[in-house]
Amino acid sequence: MLCLMAGICMLSGCIEEYEADIPSEESNLLVVEGTICSSRMNKFVLSRSQPVNTSYTPQLVLGASVSVRGTDGSVYPTELTDGYYSCWIDALDPNVEYYLHIETEGEVYESEPQKPLPTEKIAKVSGIQYTPESNIDVLVTPETPFDPSKTNYYSWSYDETWEVHPDYTTVIYFDTRLRAPVYKPDLFPTRGWKTVTSSTINVSATSGYEGHHIQSLKLYDIDRSDERMYYRYSGLVHQRAISKGEYEYELARQQASTEMGGLFTPLPSALPTNIHCLNSKKRVIGYVGCSLNTGEYRLFLDRVDYSIDQPYRKDSRIWLDDCDEEDCYRMVVKENLFLCEWKDERYKPAGTLQTAWAYEHQLDVRLRGAYAEEPVFWSLKVDGAEY
């Protein structure tokens, strides 16, 4: 999520154009995104809100001075990298209140000081397919809450990694200088991996659960025909305990992003926030949380454990029947194809040379957005590894 308006504008492809009557004071508001977290790189994004009926282009605020500060006098200045204001923070003091300090365009903004909230570990994350035709639901269960006598609030985000294979593999290569095939097993990787960080943030409250203990809450699902489940899948779930205020902000933000008839009900500036301008009455969009730690759990899903709908793929390679080395030379030089099969039976009576050819994108997963270096965690066989 780069800006509050991003989720709204993404809807424009599936609904009629919505002409929102946005008061001028509701646009060009400072939008602040990020969380103060212990023992990790903290990243914050500053941008400006825009009317919904404008073509969306992120209006990042890049010349600001941003720092995390504590009521004990500690200061963590950020550096601007790739649009993020980033700083590493070691262990936060649970007895100190921390806040975000921003100076931009002559204005000074600060989030409300708050003590970092401790987060329980994640007891379990599981993938459940209720029927052979249904999607795979990913469910989370936190450990017993520190205080089961009150309502607790959580947010979850997740990273996804899955294995991909090329359409075809080959261990040979047609050498145009030798006019012959040569053995070359490492020309293309035999598999690769894709990794994405989901932009979805899930929040929930423990009210309604016995002992205020959330059990098997659905975070997201994976379509049974999605390439993520063709071989092996891994999800890394991040869990944070959040305040009631941050919970209410996330609910209101999601509502404003998804309701067609009430895109701006509430108006963006009416969303709950804990960030205020100190030297004017300018309003701000955003909520800066503060966490003492983050619970993490790595899940593995193997296709053999589920009913996966992987479409049948016909052989789309180009076959040359009764060809010779000159034909093969032309396939490489003229057509930019790669040799996959070499069936030379010319030594037999009436035998011929038969070859199969494929394009590079059919053989190299890196051209499909994958990387070839195996992730360090891929050899793990059990769920629950904490990082």
- prompt: Does NZ or CZ of R317 lie under 6.0 Å from the centre of the six-membered ring of F338, at an angle within 45° of the ring axis?
  reply: no
If we only count heavy atoms from C-beta on, is the L139 to I128 side-chain gap below 4.5 Å? yes
| request: Look only at the side chain of N279 and the backbone of V108, and say whether a donor-acceptor pair between them is shorter than 3.5 Å. | output: yes
task: Return yes if a side-chain donor-acceptor contact under 3.5 Å exists between D321 and W319, otherwise no.
output: no
Q.
side chain to side chain contact (heavy atoms under 4.5 Å, CB included) for T355 and C328? Distances and angles first, verdict last.
A. CA-CA 8 Å; T355 60; C328 296; 4.0 Å; yes
Please check if the distance between the ring centroids of Y154 and Y247 is under 6.0 Å.
no
* Side chains of T294 and R240: do they bring a donor and an acceptor to under 3.5 Å? -> no
For a side chain to side chain contact (heavy atoms under 4.5 Å, CB included) check, start with the C-alpha distance between L46 and V66, then their side-chain angles and the critical distance, and finish with the verdict. CA-CA 10 Å; L46 306 184; V66 181; 3.7 Å; yes
*Salt-bridge present (E33, K43; N to O < 4.0 Å)*: no
query = Should I285 and T273 count as side-chain neighbours, where that means a heavy-atom distance under 4.5 Å?
reply = no
query: Under a 4.5 Å cut-off applied to non-hydrogen side-chain atoms, are L236 and Y297 in contact?
result: no
In terms of side-chain geometry, is the basic nitrogen of E160 or R298 positioned less than 4.0 Å from the acidic oxygen of its partner? no
Is there a donor-acceptor pair closer than 3.5 Å between any side-chain N or O of S291 and the backbone N or O of P116?
no
In short, Y287 meets P272 closest at the heavy-atom pair CD1-O, 4.2 Å
* Asked: Do L278 and V32 belong together in a cluster built from hydrophobic side chains that touch within less than 4.5 Å?
  -> no
Item to complete: Verify whether one side chain among Y329 and T176 offers a donor that lies under 3.5 Å from an acceptor in the other.
Response: no
Closest non-hydrogen atoms of V203 and L251, given as atom of the first, atom of the second and distance, are CG2-CD2, 3.8 Å
Hey, mind stepping through V288 and T35 against side chain to side chain contact (heavy atoms under 4.5 Å, CB included) and telling me if it holds? CA-CA 5 Å; V288 177; T35 301; 5.9 Å; no
### Query
Do the side chains of V164 and L187 join up, straight or via other hydrophobic residues, at under 4.5 Å, putting them in one cluster?
no
According to a hydrophobic-cluster definition based on side-chain heavy atoms being under 4.5 Å apart (Ile, Leu, Val, Met, Phe, Trp, Tyr only), do W342 and V332 belong together? yes
Common cluster, L219/W162, ILVMFWY with side-chain heavy-atom separation under 4.5 Å
yes
Between the OG1 atom in T151 and the OH atom in Y209, the distance rounded to the nearest 0.5 Å is 12.5 Å
> Judged by modelled atom types alone, do Y99 and Q114 share a side-chain donor-acceptor pair under 3.5 Å?
Replying inline: no
side-chain contact (heavy atoms from CB on, under 4.5 Å) test vs E163 passes for just one of Y233, Y230, W378, namely W378
Requested in this report: Verify side chain to side chain donor-acceptor pair (under 3.5 Å) between S280 and E107, making sure each step is shown before the conclusion.
Outcome: CA-CA 7 Å; S280 76; E107 305 290 349; 3.2 Å; yes
Check: Have Y84 and T78 got a donor and an acceptor in their side chains that come within less than 3.5 Å?
Finding: no
Rounded to the nearest 0.5 angstrom, the CG-OG1 distance for L339 and T170 is 5.5 Å
Within a strict 4.5 Å, meaning less than it, do heavy atoms of the V237 and I122 side chains meet? yes
For the residue pair T190 and T169, confirm or rule out a side-chain donor-acceptor distance under 3.5 Å.
no
Tightest non-hydrogen contact, residues P189 and P166, listed as O-CG, 4.1 Å
For the residue pair H213 and E143, confirm or rule out a side-chain donor-acceptor distance under 3.5 Å.
no
Nearest heavy-atom contact between V284 and C277 is CG2-N, 4.4 Å
Evaluate whether atom NZ of K194 has more than 12 neighbouring non-hydrogen atoms of other residues, nucleotides or ligands under 6.0 angstrom away. yes
Determine whether a donor-acceptor pair (N or O, by modelled atom type, separation under 3.5 Å) exists between the side chain of N293 and the backbone of T119. yes
Y183 vs Y173, ring-ring contact (aromatic ring centres under 6.0 Å, His included): CA-CA, chis, key distance, verdict:
CA-CA 6 Å; Y183 180 65; Y173 179 80; over 10 Å; no
**Asked** Would a line drawn from the ring center of H238 to the ring center of Y158 be shorter than 6.0 Å?
**Response** no
Heavy-atom count check: over 12 atoms from other residues, nucleotides or ligands less than 6.0 Å from Y220 OH?
yes
Indicate if W156 and L301 have the same hydrophobic cluster label, given that clusters are the connected sets of ILVMFWY residues with side-chain heavy-atom separations under 4.5 angstrom. yes
Check whether any side-chain heavy atom of D90 lies under 4.5 Å from a side-chain heavy atom of S38, and answer yes or no. no
message = Side chains of E374 and W193 only: does a donor on one sit below 3.5 Å from an acceptor on the other?
response = no
Item to check | Main-chain N/O of H361 paired with D364 side-chain donor or acceptor, under 3.5 Å | outcome: no
**Prompt:** So, T206 side chain and I214 main chain: donor-acceptor pair closer than 3.5 Å or not?
**Reply:** no
message: Quick one: does any side-chain atom of S67 pair with a main-chain N or O of R69 as donor and acceptor, under 3.5 Å?
response: no
* Asked: Looking only at side chains, do R224 and S307 share a donor and an acceptor under 3.5 Å apart?
  -> yes
Could you check if a side-chain atom of M41 sits within less than 4.5 angstrom of a side-chain atom of I89, using non-hydrogen atoms only? no
Residue pair D159 / T197, side-chain donor-acceptor N/O under 3.5 Å: yes
Check: Do the side-chain N and O atoms of Q310 and S225 include a donor-acceptor pair separated by under 3.5 angstrom?
Finding: no
Start with the C-alpha distance between N336 and E360, add both sets of side-chain angles, then the distance that settles side chain to side chain contact (heavy atoms under 4.5 Å, CB included), and finish with yes or no. CA-CA 8 Å; N336 294 317; E360 189 174 12; over 6 Å; no
Taking it one step at a time, do F44 and Y85 satisfy ring-ring contact (aromatic ring centres under 6.0 Å, His included)? CA-CA 5 Å; F44 304 93; Y85 292 89; 8.6 Å; no
Note to self: When you compare the side chains of E335 and Y359, does any donor N or O come within less than 3.5 Å of an acceptor on the partner?
What the structure shows: no
Of all heavy-atom pairs linking T104 and Y109, the shortest is CG2-CE1, 3.9 Å
Original post:
Between N152 (side chain) and A241 (backbone), is there a donor-acceptor pair under 3.5 Å?
Top reply: no
Nearest heavy-atom approach of S234 to F377 is OG-CE1, 3.9 Å
Notebook entry, point to check: Salt bridge check: are E246 and R253 linked by an N-O gap of less than 4.0 Å?
Noted result: no
Short question: side chain of N42, backbone of R40 - any donor-acceptor pair under 3.5 Å?
yes
- Any side-chain heavy atom of V365 within less than 4.5 Å of one from R191? no
For S134, is there any backbone N or O sitting under 3.5 Å from a side-chain donor or acceptor partner on Q129? yes
Worksheet item: Is the side chain of D175 donor-acceptor paired with the backbone N or O of L178 at a distance under 3.5 Å, no angle test?
Response: yes
Ignoring hydrogens and geometry beyond distance, is a side-chain donor-acceptor pair present between Q362 and S316 at under 3.5 Å?
yes
message = I'd like to know if E296 pairs up with K121 as an ion pair, taking the criterion as any Lys NZ or Arg NE/NH1/NH2 lying under 4.0 Å from an Asp or Glu carboxylate oxygen.
response = no
